[in-house]
Each structure stands twice: as structure tokens, then as C-alpha cells.
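Within every chain, numbering begins at 1; the chains are lettered A, B, ... in the order of the sequence lines, protein sequences first and strands thereafter. Source: prediction; values computed, not measured.
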Amino acid sequence: MLNQFSQKVYQIAKKIPSGKVATYGQLANLAGKPKAARAVGFFMKNNPDIKNIPCYKVVASDGRLCGYSASGGLKKKKQKLVSDGVVFKGNRVDLSHSRWDPAS
DNA sequence: AAAATGACGGTGT
DNA sequence: TACACCGCCATTT
């Protein structure tokens with residue numbers, strides 16, 4: 001199942017700092033495959049290490065929350081993000097303020 | 001081996 | 001901003 005690309009994505013996901021979020025495409029890009037956003041979503045859903053991989057910090061490119069396998073669904077996911085200090089704009093994340101910048 | 005699926009992204013309307 | 005389409009990728013059926 002695992003190994004290769006997925007491991008890289010997971011490792012990067014673990015680095016997402018508190019109060020910030022990353023997009024699926026961003027993770028895919030950092031992992032070396034800018035167009036594998038979809039696959040990244042699959043990996044998050046699969047989430048092999050829910051304890052160390054903050055999959056709830058991963059949102060769609062427009063800041064919209066697309067899914068959450070854990071209990072509570074998107075509602076819970078949003079709440080978790082808010083608790084982490086992520087700025088919300090209605091039902092979406094304010095990426096201009098809460099988007100993770102790997103360079104910083 | 002081929003087709004289908006999904007927690008996506010970009011573009012066009 | 002919203003909706004419809006198409007392209008992409010890894011995994012599953």
C-alpha cells in the first residue's frame with residue numbers, strides 16, 4: 001500500500017505548523033507531483049497515522065473543506081482548525097492569512 | 001489488465 | 001461567486 005509518494009506526502013503533512021493550513025495541491029507540489037492533489041486527498045482519507053498526521057489541516061485550493069473521515073465530519077474539522085487559530089471566512093479558510101508557507 | 005473512484009485543481013461560462 | 005467540464009494521480013474493484 002504505502003511507500004514512495006505517499007510517505008513523502010505524509011511526512012510533509014506532519015510539518016504543517018499550528019494555526020496554518022495547506023492545500024492538497026500544495027502537499028502534492030511539495031512531494032514533487034503538482035498534479036497529484038487528488039491522490040493526496042486519497043492519502044489523507046487513508047490516514048495511516050491519525051495521531052501524528054493533522055489531516056484536518058489540509059483543505060482545498062479555494063480554502064473550502066472537502067471531507068473528513070473522522071467523527072463529526074466537516075463540522076468537526078472546521079472546529080479543529082478554528083481551535084488551532086486558523087482564520088475562517090464563512091465556511092472557508094482564509095488562505096491569504098492561514099495558508100502555510102513552507103519557506104517560512 | 002482495464003475500468004471505476006475520490007477529502008483536487010484549473011479553466012471556461 | 002456558482003456551476004459545469006476536463007485533466008491528473010494512486011488505489012481499488
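One distance of note links NZ of Lys45(A) with SG of Cys55(A); it measures 12.5 Å at 0.5 Å rounding. To the nearest 0.5 Å, atoms CD1 (Ile12(A)) and CD1 (Ile53(A)) are separated by 11.5 Å. Here Ser6(A) contributes atom OG and Gln11(A) contributes atom CD; the two are 11.5 Å apart, rounded to the nearest 0.5 Å.
Rounding to whole angstrom units, OH of residue Tyr10(A) and C1' of dT11(C) are separated by 11 Å. Nucleotide dT1(C) holds its C1' atom 12 Å from the CZ atom of Arg64(A), rounded to whole Å. When the P atom of dC8(C) is taken as reference, atom CG of Asn29(A) falls 16 Å away, rounded to whole Å. Distance CD (Gln7(A)) to C1' (dA10(C)): 14 Å, rounded to an integer number of Å.
Listed by chain and number, the residues in a side-chain contact (heavy atoms from CB on, under 4.5 Å) with Asp62(A) are Ala60(A), Arg64(A) (sequence neighbours excluded). Annotation: side-chain contact (heavy atoms from CB on, under 4.5 Å) contacts of Lys33(A) (sequence neighbours excluded): Phe5(A), Ala36(A). Every residue was checked against the side chain to side chain donor-acceptor pair (under 3.5 Å) condition with Ser71(A), not counting sequence neighbours, and none meets it.
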Next item on the list: Can you check each nucleotide of nucleotides 6-13 of chain B against protein heavy atoms at under 4.0 Å and return B for base, S for sugar-phosphate only, - for none, in 5' to 3' order?
Entry: BBBSS---

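Looking at residues 97-104 of chain A, you'll see that no heavy atom sits under 4.0 Å from any atom of DNA chain C. Near DNA chain B, defined here as any heavy-atom distance below 4.0 Å, there are no residues from residues 78-93 of chain A.
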Can I get a per-line list of side-chain donor-acceptor pairs under 3.5 Å for residues 17-30 of chain A, giving both atom names and the distance, sequence neighbours left out?
unit_1   : atom_1 : unit_2    : atom_2 : d
Lys20(A) : NZ     : His97(A)  : O      : 3.1
Thr23(A) : OG1    : Gln26(A)  : N      : 3.0
Tyr24(A) : OH     : Val58(A)  : O      : 3.4
Gln26(A) : OE1    : Thr23(A)  : N      : 3.4
Gln26(A) : NE2    : Trp100(A) : O      : 2.7

Quiz: residues 79-93 of chain A side-chain donor-acceptor pairs under 3.5 angstrom, not counting sequence neighbours:
unit_1   : atom_1 : unit_2   : atom_2 : d
Ser83(A) : OG     : Gln79(A) : O      : 3.0
Asp84(A) : OD2    : Tyr56(A) : OH     : 3.3
Asp84(A) : OD2    : Lys57(A) : NZ     : 3.3

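Applying the salt bridge (charged side-chain N to carboxylate O under 4.0 Å, His left out) test to every pair with at least one member in residues 93-104 of chain A, sequence neighbours left out, gives no pairs at all.
Atom NZ of Lys35(A) sits in a sparse spot, with 12 or fewer heavy atoms from other residues, nucleotides or ligands closer than 6.0 Å.
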